[in-house]
Each structure stands twice: as structure tokens, then as C-alpha cells.
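Single-structure report; data block below.
None of the values given here were measured: they were computed from a predicted structure.
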Amino acid sequence: MNNWLNQHRQAIKLVLSRMRSNKLPTFMICLVIAVAMCVPGLFYLGVDHLSKFTNHIQNETEISLFLKLDADKDAVSDIDAVLAKNNAIKQFHLVTKAQAWKELKSKTEINNATDSKISELDKNPLPDAFFIQAKSAEPEALESLKNELEKIPGVEHALLNTDWAKRLSALLSLGKKIILFITVLLALALLVVIGNTIRMQILTQKDEVVVSKLIGATNSFIRMPFLYAGIIYGLLGGLLATIMLVIVVKLFNLSVSELSNLYSSDFSLPLINGQLFLGIISFAIFIGWLGSYLAVSRSIASIKID
């Protein structure tokens, strides 16, 4: 066991010493990995934030239930009782025609032309209305509930607008597929870059590989330092990618903060996303290991001892 641990420790020390003696090439490879990991990471942050915002808006979606103009207090009470017994309804409240009329007049006092038109009306044209929030935010469930409520006696019309939410959800789904596609393309590019880097290292150290084979070293022993090189490249590239993400998100939040304030919004991307950062680092390490494994296995097999 101690011999096995010592072999791995020596391999890591050897890789680190080679990287220190080639700082610029090492940094450039790590930078390529970081940029390749940072691009889908930024897209993911934006789509994920919009997805959460959409879910929040959907949760706030209300069904507006407008009653018939001639509905009396008894009819309103009956509808109130029906809504209270409906298990699909989370909460609801009534806005009477008098309350709606008063609110409309207060809002139109600013606009004299509109206010004069309303003053010319002989009677209140607004109906009583219930505003309902369902337990489920799924568009299908909301549509079903809306159709059910519209059949209640005394109800004139039920209004529900989730079309925009459906379109946005479809766009977000497309965005996630695009992120996956970009990630796969960049991962393939990284495999090529890391594989070529490791292959060049093997060529420069071909004599050492040949000597190791002559003294009986196994392919797994020869492969070990190169695999650790790929892992360390991935680790350093993943860490650099998280730093770049934090910087870019910070600059983005600063640039949109003034615009958000104008609209009384707190829109901003999260500065620290532990799950995303861990995923980026883990994926970069895996790509580094895989690229190294493929390159070193093929290169070692091609080296023949005469």
C-alpha cells in the first residue's frame, strides 16, 4: 500500500516540476480549458436565472373570474362558497364592482380627458370579480381549472393568460439544448487540445518511456504521470474558469444595476454558484483525464522496442 501511494506521490511531484519549468505553456493550456468551460457556464447562469424567474411568475399567475353584471349578493355568496370548496384553489379574493369603480376613477383622475369620459357614464359598467390563485402552476392545470370555473352559474367570463409563459418556457428549453450542444462541442475541442499536448510531451520524453519499458515498467506505470498531467490541467483550468465566471458576473451585475433600479427590479446573476462551480471543475478534470488517457494509451502502444 505504501509503495502504491509513493508511486502516485512521485508521479505528481514529477508532473508539477515539469509544469513549473514550462510555466507559460502550462498557463496557456489552462487558459484554453478555462475559456471553454466559462462560455457554457455563463449561458447556464443566464438560462437558469430566467427559468427561476419564469417559475416565480407562473406561481403568481391568477385566474380572473368576472361575474355577470346583474349578479346580486346572493349569487356572489354562492360563487364564494363554490370556490372555497374547490381543492385546486390555493386562495382567492373578491373585488366588488364598487371597489373596482372607485379604483378606476382614482387612477384616471390624472388624465382629465379619460376622467371626463368616465364621468359621463350613467352607471358603473364594471362587474364583481374574483381573483384566484391555484395550487398548481402548471399551464395545463390552470387551463383546466379556468374552464371548470367558467361553468359556474353567474360567471360571465374567466380570464387566464399563460401563453407568454408557455412560449418563454419553450425558449428556455431550447436554450438548455443549445448549452448542451455547445458544451459537447467544446468538450471535443478540449479532448483534441489536451490529447495533442500530452502526445507532444510523450514524444519529447520518448527516450524515458523506452528506458522504462526496457527495465520492465508496465504501461499503467508509464501512463501515470501523463494522466496526472491531464488531471492537473483540468483542475487548474476549472479553477481559472470559476474565477473568470465570478469576474464576468460581477461586471455584468454592475452594468445592469442602474437599469434594474429604473424598473424597481433586483435582477442580477448570482455571484457564487457552488453547484455550477463544482460541476465545471469536475467536468474539466474528467476531460483532462480522458484526453490524456486516450492520447497516452495510443502513443505508448505505438512505441516499439527494437
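Annotation: Lys146, atom NZ; neighbour count of heavy atoms from other residues, nucleotides and ligands within 6.0 Å is above 12.
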Is there a side chain to side chain contact (heavy atoms under 4.5 Å, CB included) between Asn86 and Glu148 once you walk through the steps?
-> CA-CA 10 Å; Asn86 195 314; Glu148 178 185 347; 3.3 Å; yes
Test log, rule side chain to side chain contact (heavy atoms under 4.5 Å, CB included), inputs Gln133 and Phe92: CA-CA 6 Å; Gln133 185 175 349; Phe92 66 92; over 6 Å; no
request  = Output, in order, the C-alpha distance, side-chain angles, deciding distance and verdict of side chain to side chain contact (heavy atoms under 4.5 Å, CB included) for Ile33 and Leu240.
outcome  = CA-CA 9 Å; Ile33 296 173; Leu240 186 58; over 6 Å; no
Go through it in stages, so that I can follow the logic: the residues are Leu149 and Ile89, the test is side chain to side chain contact (heavy atoms under 4.5 Å, CB included), and I'd like the CA-CA distance, side-chain angles, deciding distance and then a yes or no. CA-CA 11 Å; Leu149 297 177; Ile89 295 176; 4.3 Å; yes
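Taking the side chain to side chain contact (heavy atoms under 4.5 Å, CB included) definition, one finds that Phe277 meets it with Thr242, Leu245, Val246, Ile272, sequence neighbours left out. Contacts of Thr96 classified as side chain to side chain contact (heavy atoms under 4.5 Å, CB included), with partners at least two apart in sequence or in another chain: Leu94, Ala98, Gln99, Asp128. Checked against side chain to side chain contact (heavy atoms under 4.5 Å, CB included), Leu239 has the following partners two or more places apart in sequence or in another chain: Leu235, Ile281. Take Tyr293 and apply the ring pair (Phe, Tyr, Trp, His ring centres under 6.0 Å) test, not counting sequence neighbours, and it matches Trp289. A search for side chain to side chain contact (heavy atoms under 4.5 Å, CB included) contacts involving Asn147 returns Glu143, Glu150, not counting sequence neighbours. Under the rule for a ring pair (Phe, Tyr, Trp, His ring centres under 6.0 Å), Phe221 has no partner lying at least two apart in sequence or in another chain.
Considering only heavy atoms from C-beta on, Leu83 comes within 4.5 Å of Ile152 through its side chain.
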Can you give each donor-acceptor pair under 3.5 Å made by side-chain atoms of residues 13-32, sequence neighbours left out, with the distance rounded to 0.1 Å?
from	atom 1	to	atom 2	distance (Å)
Ser17	OG	Lys13	O	3.3
Ser17	OG	Leu14	O	2.6
Arg18	NH1	Gln205	OE1	2.6
Arg18	NH2	Gln205	OE1	3.0
Arg18	NH2	Glu208	OE1	3.1
Ser21	OG	Ser17	O	3.3
Ser21	OG	Arg18	O	2.7
Asn22	ND2	Arg18	O	2.9
Thr26	OG1	Asn22	O	2.7

Compile the donor-acceptor pairs under 3.5 Å between side chains in residues 189-203 and protein atoms, sequence neighbours left out, one pair per line.
from	atom 1	to	atom 2	distance (Å)
Asn196	OD1	Arg199	NH1	2.7
Asn196	ND2	Val192	O	3.3
Thr197	OG1	Val193	O	2.8
Gln201	NE2	Tyr233	OH	2.8

Which pairs of donor and acceptor atoms, one on a side chain in residues 63-75, lie under 3.5 Å apart (sequence neighbours left out)?
from	atom 1	to	atom 2	distance (Å)
Asp72	OD1	Asp74	N	3.4
Asp72	OD1	Ala75	N	2.8

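The CD1 atom of Ile231 sits 11.0 Å away from the CG atom of Leu290 when rounded to the nearest 0.5 Å. The structure places OH of Tyr44 at 15.0 Å from SG of Cys38, a figure rounded to the nearest 0.5 Å. The distance from the CD1 atom of Ile132 to the CD atom of Gln91 is 11.0 Å, given to the nearest 0.5 Å.
Between Ala36 and Leu186, the shortest heavy-atom distance links the atoms O-CD1, 3.1 Å. For Ala187 against Ile287, the heavy-atom pair with the smallest separation is CB-CD1, 3.9 Å. When all heavy atoms of Ser292 and Gly288 are compared, the closest pair comes out as OG-O, 2.8 Å. Closest approach of Ala34 to Met244, counting heavy atoms only: CB-SD, 3.7 Å. Here the closest non-hydrogen pair linking Phe130 and Asp80 is CE2-OD2, 3.7 Å.
Connectivity analysis of hydrophobic side chains (ILVMFWY, heavy atoms under 4.5 Å, direct or indirect) links Ile243 to Ile247, Leu251. Grouped by direct or indirect side-chain proximity (heavy atoms under 4.5 Å, Ile/Leu/Val/Met/Phe/Trp/Tyr only), Leu278 sits alone. Listed by chain and number, the hydrophobic cluster partners of Phe131 are Val95, where partners are ILVMFWY side chains within reach of under 4.5 Å, directly or through others.
Tracing side-chain contacts under 4.5 Å through hydrophobic residues (I, L, V, M, F, W, Y), one reaches Leu188 starting from Ile179; they form part of the same cluster. Put simply, Leu180 and Val39 are part of the same group of oily side chains (I, L, V, M, F, W, Y) that touch within less than 4.5 Å, one to the next.
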